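Working notes, structure below.
Proteins get letters first, then strands, A, B, ... in listed order; numbering begins at 1 in each. What you are looking at is a predicted structure, and each value in this text was computed from that prediction instead of being measured.
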Amino acid sequence: MTTENTPAVEDDLPEQLRIRREKRAGLLERGVEPYPVAVDRTTSLKAIREKYTGLDIDVATGDIESLTGRIIFKRDTGKLCFATLREGDGTELQAMLSLDKVGQDALDAWKSDIDLGDIVSVTGEIITSKRGELSILANSWKLASKSLRPLPNDHKPMSEETRVRMRYVDLIVRPEARAAARMRPQVMRSLRDTFNNYDFIEVETPMLQVMHGGAAARPFKTFSNAYDMDLYMRIAPELFLKRCVVGGIERVFEINRNFRNEGADSSHSPEFAMVESYMSYGDWRSIADVTRTLIQNAAMAVAGSHVVTHADGSQKDLGGTWREISLYDAISNGVGETVTALTPYADLKKYAEKLGMKIDPKWVTGKLAEEIFEHVASDQLIEPTFVMGYPVDTSPLVRAHRETPGVVEKWDLYVDGFELATGYSELIDPVIQRDRLVEQAQLGAKGDLEAMQVDEDFLRAMEFGMPPMGGMGMGVDRLLMALTGLGIRETILFPLVKPEVE
RNA sequence: GGGCCUAUAGCUCAGUCGGUAGAGCAACGGACUUUUAAUCCGUGGGUCGACGGUUCGAGCCCGUCUGGGCCCA
């Protein structure tokens, strides 16, 4: 099938790419398949490492195995060659090829045909070398897949751009990339296990929506040919999850992607994984407890402890109960005046100007208060902190605080200075909800691109009666950031990058 | 959106005052039966992001554009 195609070797290629293509062609000419349909493999490198721990130096076990791996280092000497094989999880094992075991032809072929980056199968005895290195001493070997491109220097980290553009290479060479890729599913499993312990039911709700809602954000817009209408990629699943609660799914959650047509930086990605959940007969405090348990269990799942170690070596304690601060108390302390949700816009503006802040004239009163908070309190948000009590005019889906006027029962959870999750006592009065959404629509009509739309079907669902409940949303990518200290592009396997120009 | 930094060999990076393009790893040829980023001898490899300008002469100076990073909003 592939043996008859002897490819033309492009001679405008860089030297190293050209040479490897020539080697592939040479193999085919000699009847050696560079991409065989199967090679021998009896077990994994990891299983070998686990089985033969603590062997003395220069031991021959007598056990014959067939092992596969990508060649990461190659040390050819005259009649005895060494190579380091690496498999997907980063486990490495040394392969040894000696003249007296494999013969002259196979040894010569090994030296001339095999390059760094090739995947090979080696069959032989498991031994330790004279230096004590656990190894497979080959009786035979076979090429499993020829690499036509040289691996990057394994000893120098790739630039950030190359890592993101060629994640497949990043995963081959960089242990941190392998660890990050494997940590995400561990966290996902932990989240689902924790929800399961609380009897939450997982659902999937639409990503393509007729109308976007559930958050303040600009959506991606697309078009359905079949229905001849505009559709939006969802910015949040909230309004659908609440429909579930109306229908009697009393504890519900979804883990899925949201899309927001906004700027990208070290903590924002246009598409991001979000966990969102609603708990009937709960409120902002009970859902805060659920959220803390989710995060602490995730830390336990990946770190075996509530204390996690970040990429820079620092340790962060996510254990215990977490600090709570009041948004308006923090603002008051920051500006040296008593500020509440009833403080007029003009006063807030005065305080903000005194702090040297730039004020966007589009900000409503509550937004200005939140901005002042972030300005004065950002250094207090490193350890896990629930910021309690937000202004009503920026939170159209949250119910009013049971004591404090102008404030809603909403918290934001901050870790390492960024917002990790948010939780509410949900607004369940359909009449008030309609008023809030109509207000939003008016802002939208005035040009606020992040304003919500009036979702009549959602309001109809509410009018059937929605139980009191607490709700929360948390960014999965950001949870990974909090657990690892990595930037968001390191927690996402294939973040969006602009195409390379030729 | 604004400011700053950045783009040179497959990878990671140097490149002085504007005067023939450099290193390490990788590659190619040779030696070597216990190497661990093997070592030793030898060799090749470049549209210096793109386009334009200044100059006798540009990797370097100027302008525009593109990609990437950081900070601010």
Side-chain angles (χ1 to χ4, degrees), chain A residues 10-23 26 56-60 71-86 92-104 106-108 110-118 125 127-138 147-166 168-170 172-174 218 262-268 352 355-363 367-368 370-372 374-375 378 417 449 487-490 495-502:
Chain A
E10 303 96 310
D11 45 30
D12 57 338
L13 284 174
E15 180 191 41
Q16 298 201 36
L17 272 57
R18 195 191 71 240
I19 288 168
R20 288 184 181 224
R21 275 165 174 72
E22 287 166 358
K23 285 188 182 183
D56 277 344
I57 60 172
D58 207 8
V59 171
I71 294 179
I72 299 302
F73 299 121
K74 198 163 175 267
R75 298 173 289 275
D76 291 348
T77 65
K79 300 183 181 63
L80 181 62
C81 297
F82 303 86
T84 303
L85 305 183
R86 181 184 289 168
E92 296 178 358
L93 192 79
Q94 177 167 271
M96 297 169 60
L97 292 90
S98 72
L99 175 65
D100 54 4
K101 294 279 183 193
V102 301
Q104 193 67 53
L107 194 68
D108 289 346
W110 174 267
K111 288 188 196 177
S112 61
D113 298 341
I114 299 303
D115 294 304
L116 293 188
D118 290 354
E125 185 181 1
I127 64 160
T128 53
S129 72
K130 285 183 182 167
R131 298 288 174 89
E133 184 78 26
L134 185 63
S135 308
I136 179 166
L137 178 60
S147 171
L148 295 183
R149 288 176 182 270
L151 283 178
N153 185 342
D154 198 69
H155 316 294
K156 295 271 188 180
M158 290 195 296
S159 67
E160 226 169 299
E161 183 177 0
T162 313
R163 294 196 319 228
V164 170
R165 287 197 186 278
M166 296 198 285
Y168 34 90
V169 180
D170 193 26
I172 294 169
V173 300
R174 200 166 57 95
R218 295 181 64 176
E262 297 168 347
D265 60 34
S266 56
S267 64
H268 294 81
L355 291 164
M357 291 172 55
K358 281 187 187 167
I359 298 165
D360 187 330
K362 292 201 289 284
W363 290 345
K367 176 73 174 165
L368 181 54
E370 289 177 16
E371 293 288 336
I372 295 173
E374 283 180 23
H375 188 88
S378 57
L449 298 166
I488 199 165
R489 277 178 320 284
E490 302 288 317
L496 186 67
V497 275
K498 290 193 183 176
E500 292 162 273
V501 284
E502 286 302 312

With sequence neighbours excluded, what pairs up with A:Thr162 under the side chain to side chain donor-acceptor pair (under 3.5 Å) test?
A:Ser159
Minimum-distance nucleotide (side-chain atoms of A:Phe73 versus B:G10, B:A38, B:C70):
B:A38
Identify each atom pair where a protein N or O and an N or O of nucleotides 1-5 of chain B are less than 3.5 Å apart, giving names and distance.
none

With sugar-phosphate meaning primed atoms plus P, OP1 and OP2, does A:Thr84 contact a base, only sugar-phosphate, or nothing at under 4.0 Å between heavy atoms?
nothing
Which part of the nucleic acid, if any, lies within contact of A:Arg489, taking any heavy atom under 4.0 Å across all strands shown: a base, the sugar-phosphate backbone alone, or nothing?
sugar-phosphate
According to a strict under-4.0 Å criterion, is A:Lys156 in side-chain N/O contact with OP1 or OP2 of B:C25?
no
Going by atom types only, do A:Arg21 and A:Gln16 share a side-chain donor-acceptor pair under 3.5 Å?
no
Side chain to side chain contact (heavy atoms under 4.5 Å, CB included) involving A:Leu449 - partner list, sequence neighbours excluded
A:Arg218
Test of understanding: with side chain to side chain donor-acceptor pair (under 3.5 Å), list the residues that count as partners of A:Lys367, not counting sequence neighbours.
A:Glu371
According to a strict under-4.0 Å criterion, is A:Ser159 in side-chain N/O contact with OP1 or OP2 of B:C11?
no
Can you list the residues that meet the side chain to side chain contact (heavy atoms under 4.5 Å, CB included) rule with A:Pro495, with sequence neighbours excluded?
A:Val164, A:Arg167, A:Arg489, A:Ile492
Between A:Arg149 and A:Asp115 (salt bridge meaning N to carboxylate O under 4.0 Å), is one present in this structure?
no
Which part of the nucleic acid does A:Arg149 contact within heavy-atom distance under 4.0 Å: base, sugar-phosphate only, or nothing?
nothing
How does RNA chain B read in dot-bracket, base by base from 5' to 3', with Watson-Crick or G-U pairs under 3.5 Å and | used when the partner is on another strand?
(((((((..((((.....[..)))).(((((.......))))).....(((((..]....)))))))))))).
Closest non-hydrogen atom pair between A:Ile57 and A:Gly132, with its separation
CG2-CA, 3.1 Å
What string of B, S and - do you get for nucleotides 26-32 of chain B, 5' to 3', if B is base contact, S is sugar-phosphate-only contact and - is no contact with any protein heavy atom under 4.0 Å?
BSS---B
Those residues of residues 95-104 of chain A lying under 4.0 Å from RNA chain B by at least one heavy atom:
A:Met96, A:Leu99, A:Asp100
In chain order, what residues pass the side chain to side chain contact (heavy atoms under 4.5 Å, CB included) check against A:Leu116, with sequence neighbours excluded?
A:Arg20, A:Ile71, A:Lys74
Once you round it to whole Å, what is the distance between P of B:U66 and NZ of A:Lys498?
8 Å
Partner residues of A:Trp110 under the ring-ring contact (aromatic ring centres under 6.0 Å, His included) criterion, sequence neighbours left out
A:Trp141
Report each atom pair, protein N/O against N/O of nucleotides 71-73 of chain B, whose distance is under 3.5 angstrom.
none

Hits for ring-ring contact (aromatic ring centres under 6.0 Å, His included) against A:Phe73, two or more places apart or cross-chain, chain-then-number order -> A:His155
Separation of atom CD1 in A:Ile172 from atom C1' in B:G10, rounded to whole Å:
14 Å
